[in-house]
Q: 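Pasting a structure here, questions to come.
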Amino acid sequence: MGKLFNKVLVANRSEIAVRVMNACRVLGIPSVAVYSDADTHSKHRYYADESVHIGPPPPRESYLDIDKIIAAATETGADAIHPGYGFLAENPLLAKKCSDAGITFIGPTPDAIRLLGNKVESRLTMADAGVPLIPGMKDSSGDIEAFQAAADTAGYPVIIKAAAGGGGKGMRVVHNPEELAAAVEAAQREAGNAFGDDTVYLEKYIVNPRHIEFQVLADTHGNTVHVFERECSIQRRHQKIIEESPSVALDPELRERMGASAVKVAEASGYVNAGTVEFLLDETGNYYFLEMNTRIQVEHPVTEMVTGTDLVVEQIRIAAGEKLSDAFFHLTQRGHAIECRIYAEDGENNFMPSTGEIVHYSEPVGPGIRVDSGVLHGSQVTIDYDPVMAKLIVHAPTREMCIDKMITALNNYKILGVRTSKKFMIDCMNHAAFRDGKTYTNFIEVNMADRDISLDAYRDIALAAASAAAVNRPQVASAVGDAKQRQPSPWEAIGAWQIGDVIHE
Amino acid sequence: MGKLFNKVLVANRSEIAVRVMNACRVLGIPSVAVYSDADTHSKHRYYADESVHIGPPPPRESYLDIDKIIAAATETGADAIHPGYGFLAENPLLAKKCSDAGITFIGPTPDAIRLLGNKVESRLTMADAGVPLIPGMKDSSGDIEAFQAAADTAGYPVIIKAAAGGGGKGMRVVHNPEELAAAVEAAQREAGNAFGDDTVYLEKYIVNPRHIEFQVLADTHGNTVHVFERECSIQRRHQKIIEESPSVALDPELRERMGASAVKVAEASGYVNAGTVEFLLDETGNYYFLEMNTRIQVEHPVTEMVTGTDLVVEQIRIAAGEKLSDAFFHLTQRGHAIECRIYAEDGENNFMPSTGEIVHYSEPVGPGIRVDSGVLHGSQVTIDYDPVMAKLIVHAPTREMCIDKMITALNNYKILGVRTSKKFMIDCMNHAAFRDGKTYTNFIEVNMADRDISLDAYRDIALAAASAAAVNRPQVASAVGDAKQRQPSPWEAIGAWQIGDVIHE
Amino acid sequence: MSNLEFLFEGEVVDTKVERRSQTIAVSIGDQEMVLLPAGDNLYSAQIDGRKVSIAAVRHKDKYYLDIDSVLLELTEPSAEMTSSGTGEEGEWDKIFAPMPGKVVKVLVEMGQEVQEKTPMVIVEAMKMENQVNARAKGKVIAINFQAGDQVDTESPIIELELEASE
Amino acid sequence: MSNLEFLFEGEVVDTKVERRSQTIAVSIGDQEMVLLPAGDNLYSAQIDGRKVSIAAVRHKDKYYLDIDSVLLELTEPSAEMTSSGTGEEGEWDKIFAPMPGKVVKVLVEMGQEVQEKTPMVIVEAMKMENQVNARAKGKVIAINFQAGDQVDTESPIIELELEASE
């Protein structure tokens, strides 16, 4: 296999930059890191073959500055740019400027990014292509007959929502036609009182929705495939924290139908490279297109572990004009995979972001355990960027074993210095509703709200642990010439080093 | 799933003990380590839920002492013992004494271990069962017609060997019947001159043999399956160092036939639990039974990565009387996996064992990379035990990508303080014969003999690296109160600690 | 045998540490806990027959602990409390930003009586909005920043007069 | 700028080390090598446009290096040579066991002339037999152990009189 690109610049940071560089290594392609002042000593910079400084910490002046990214690629001779996720990944302008500069953008075309980034336009396209959308009224109306017609089309239950809405005011769920008129009137009154605007509209009420997404891949030779589903229903603040594959809610028939819809979405938008089609799935097996994400997703590893593929390698191959690898035409799902996102945020305090230095770092190991990490011992977690530090992904033959393995692995993942949601995720995993596969998008509100960790139970063992740590402080006397002391990182040690200092003892 | 056992004692050390404990963790079963004086601070002891000291470093007085192992299990309430590989794994007496003590031995029955440990008896059993053995003369004879008959039965080419043989003397390969008589006479003369005994015998000559083995699993409910093959042809001193799955030499038809033979071997010996059937495969697709190993093998992870299974978990399930998991009735091979054994031995100096302290240890990470390790930073590698420190296993969609990924991963696996064969294995992996799949058992003799690493090419970069390490020595002055200095391991620090010392500054 | 002192949830606790041949024994009052070192900064202990997995490290006068994934931070009582702006260990009469950021909304008014956990202010940092709650019952006596202001972690955004019971 | 001295394959080499803003620059004669720190004990360098991955650590007066998986050990010339029993850095007139073990077979006789790489003795350790070869041309003048003897790494098994050219 000839080299697909001479050099790939990774226009991102942290774990996803490292992940992309790993794919480059496998393909024998040198990688270029870009870094801001905040990332001078970061893992993604260490991981690359070379690195280019692109400015101060604020993203707008570094990771979001398209011209600096293009300049860094030109300067280092990189002939392709991988955007990772976040930052510029879904900015059609980067894709466009790459093309202008003769650099391959590893992702979809600017047109596809633009179309799918426009929610209204993309929904119209998908409706035309026959992909199901959440049915409801296109515009609000005071006419009760319009509501009745819309409800009949959507099918009960339906929900009445205030156009000016928020906070549940002016909202009514209606389970049968007899209740509809009264509910609309009540909602109008409530909305009028709450917002001074009594406009309400109707759409289908999704009972116990799940967030189900399908990975798709399309090459430049007209092949589009889906790589099965991921279920990402466990969310806090509308951000996914636990993802899994396969979904317990899909049987082979539904999987095939949803997969076919996902492929249709990609084809209708002229999609090339890796993307994700997001659906809402209700309890009765109806599903509705939400949007298509035009990038590699944070949760892509669960798909990789279940299908034995490397999606980022495939992204690079596709961008180089290769045909989809054979493996993608004979895909099977095997076993079960779960991902937990390890954010620097306090699971015991409303997911408050946490900053600081990582003063201890040790990863779990073992068969079927994968850690995609962007941090090291000594890393500084600052307020400048997204708080994702790492992802822990676990694979096992069955979902039950996978849950048990994930709990063990979370317990063995020790990060000290910043707070994380490890314990929160263990408690999710141990919850009967999670074990039963009752993973609806309201899982955390419903099941984790009254969670309360009493630290008192940990008092004695905490004091004992701190006491042990106290006697294990580095002994200055024994540090002289004792190479058993871990070497400080080069930067730390050099910091104390003086010009003219003679090193020999 | 109820707990399969209350507690499992692992009668082994290093990486395989850690591997078995990982399986226990997944199953929610507490594990017990045993350790000799040499392993007081070893990783496998840290990894267990509890540990029992079983004597001084010599294996005979610790890891091979069956009574101490049984006593440790009784004392801790362990109701099952996993023997790992090596040590007592294939000793029928441990299996027997377990049964006497009411402890479950996680492995086959004493009778199966005994039968398969007897090479002569087991070959007779397999011949009766119709499993192919290397054809040849059962006893030596001076009669040329007996040689002709044996050669006709075995099929050409055949090899004449001296009964007193060694060193190639009295050995003749014969490719067709016309050459046979002259070759036998020449071999007899040569043998007579060399050993004072002119007895020679004949067996089929295996052209470019490969070592192919099949993983089998059998439960107590009468189910026996094979879990496909591993190719382990790359050996030094008759010890495997690189293993892979699948083998490039097998097509689906041959795989099915060999797999069926492997199942037949297991069934003919009344086998239960995990075992491995070893075959020699010649260039024309003929295969011959060598022996069956009645334990989990060092190289089991390549099978796990290609089939998405957990063989050690399955061993424990089978021992608890469970039926084989569903997954084993729908097995498929996916992608390619390679394992490199990381021994403490010098790949540049005839694989001379190397001892010492591990003064730097960092593992490669990334998708499809698995490290099964028995060592930590600060571990002492002593002469007491087998020099295997760790195994690096890599999985990728294709063999070519797997080789590239393995080279990258070996380069990123940094162990300092003892010498390893990393560079040797990279050179194997980069050799055209390896890439072409020409992996015969003589691979190392044929391809790696004239390998010569000139250190001169590394002179400048080595001096630069040492210089950098010199300026990065811990600075005593900055160590005071600088917690960025890694904490020394508890034992190191406590060593310098004195009774009556006041810790507060 | 070493004598140590820690602050745990506002309480000062003495411990005694002793090195045994394979373990570290810690006495807290009548209670003795035995820890088995398990690698760099790692320990295990048996509690009620169950293995507890521990990571513990001291860094700049603070002890960071992970006990079966429950994260705790302890200090020595001698450590300067007031230097810690975010009021983690006291100063419940002041509401600080959890990290430098921008005030999105102040949720209380001057003179308002608040309870423990009453939402006080929303601060945006790391691309996310964070709600800061009161840590004790009291009355708002100062609001030092308004929506749109940049704040650090050293200057209180809101100050309370705590109830006498606190 | 620091001046250092190393022993590389018997040659004493001076180096100068200088800290740059992001790198460590090392001068060896006219040659300058630039290393980029890449984590604890890890570095990378560009050589002929290719990235070289390096681990390097100093431990007890020895430098352990991994340069693209080639393992090297350097010492400082000031380090005591004779304390290293296995004769790694000199003492080519003595044949030591590579590690404590049992002598299986002595392969040479008193007075025998040997070449570099002549097999001298087989020692069993770690369950394996290891053949120890001569490191220089010379004549056997002492055989201190016989088959069956336990040996350590400090006492020479065989001694040679080296040829003058060595």
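Only a predicted model underlies this, so the values are computations on that prediction, with no experimental measurement involved.
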Q: Do B/L463 and D/V26 touch side chain to side chain, with heavy atoms closer than 4.5 Å?
A: no
Q: Write down the atom of D/L74, the atom of B/A462, and the distance for their closest heavy-atom approach.
A: CD1-O, 3.9 Å
Q: Around atom NZ of D/K51, are there more than 12 heavy atoms from other residues, nucleotides or ligands closer than 6.0 Å?
A: yes
Q: Specify which of D/T15, D/L65, D/V52, D/N133 makes the most heavy-atom pairs with chain B at under 4.5 Å.
A: D/L65
Q: From B/I461 CD1 over to D/I47 CD1, what is the distance, rounded to the nearest 0.5 angstrom?
A: 4.0 Å
Q: Are any of the side-chain heavy atoms of D/L42 and B/K414 separated by less than 4.5 Å?
A: yes
Q: Between D/I28 and chain B, which part of the residue has a heavy atom less than 4.5 Å away: side chain, backbone, both or neither?
A: side chain
Q: Sequence neighbours left out, what passes side chain to side chain donor-acceptor pair (under 3.5 Å) with D/T118? Give chain and number order.
A: none
Q: Who wins among B/D456, B/D460, B/T420 for the most heavy-atom pairs under 4.5 Å with chain D?
A: B/D460
Q: Please report the shortest heavy-atom distance between D/A56 and B/A465, naming the atom on each side.
A: CB-O, 3.6 Å
Q: Could you tell me the separation between the OH atom of B/Y458 and the CD1 atom of D/I54, rounded to the nearest 0.5 Å?
A: 11.0 Å
Q: For the residue pair B/V418 and D/Y64, establish whether any side-chain heavy-atom pair is separated by less than 4.5 Å.
A: no
Q: Let me confirm one number: the CD1-CG distance from B/I407 to D/D68, rounded to the nearest 0.5 Å.
A: 11.5 Å
Q: Where does D/L35 contact chain B at under 4.5 Å (heavy atoms): side chain, backbone, both or neither?
A: side chain
Q: Looking only at heavy atoms, which of residues 360-372 of chain B get nearer than 4.5 Å to chain D?
A: B/H360, B/S362
Q: Quick one: side chains of residues 421-431 of chain B, donor-acceptor pairs under 3.5 Å with protein atoms, not counting sequence neighbours, listed by atom name and distance.
A:
residue : atom : partner : partner atom : Å
B/K422  : NZ   : B/L410  : O            : 2.9
B/K422  : NZ   : B/Y413  : O            : 2.6
B/K422  : NZ   : D/D66   : OD2          : 2.7
B/K422  : NZ   : D/S69   : OG           : 3.1
B/D427  : OD2  : B/R451  : NE           : 2.7
B/D427  : OD2  : B/R451  : NH2          : 3.1
B/N430  : OD1  : B/R435  : NH2          : 3.4
B/H431  : ND1  : B/A433  : N            : 3.0

Q: Can you give each donor-acceptor pair under 3.5 Å made by side-chain atoms of residues 144-151 of chain D, sequence neighbours left out, with the distance rounded to 0.1 Å?
A:
residue : atom : partner : partner atom : Å
D/N144  : ND2  : D/P156  : O            : 2.9
D/N144  : ND2  : D/E159  : OE2          : 3.0
D/D149  : OD2  : D/Q146  : N            : 2.7

Q: So if I apply the side-chain contact (heavy atoms from CB on, under 4.5 Å) rule between B/R459 and each of D/E9, D/E11, D/Q31, which one comes out positive?
A: D/E11
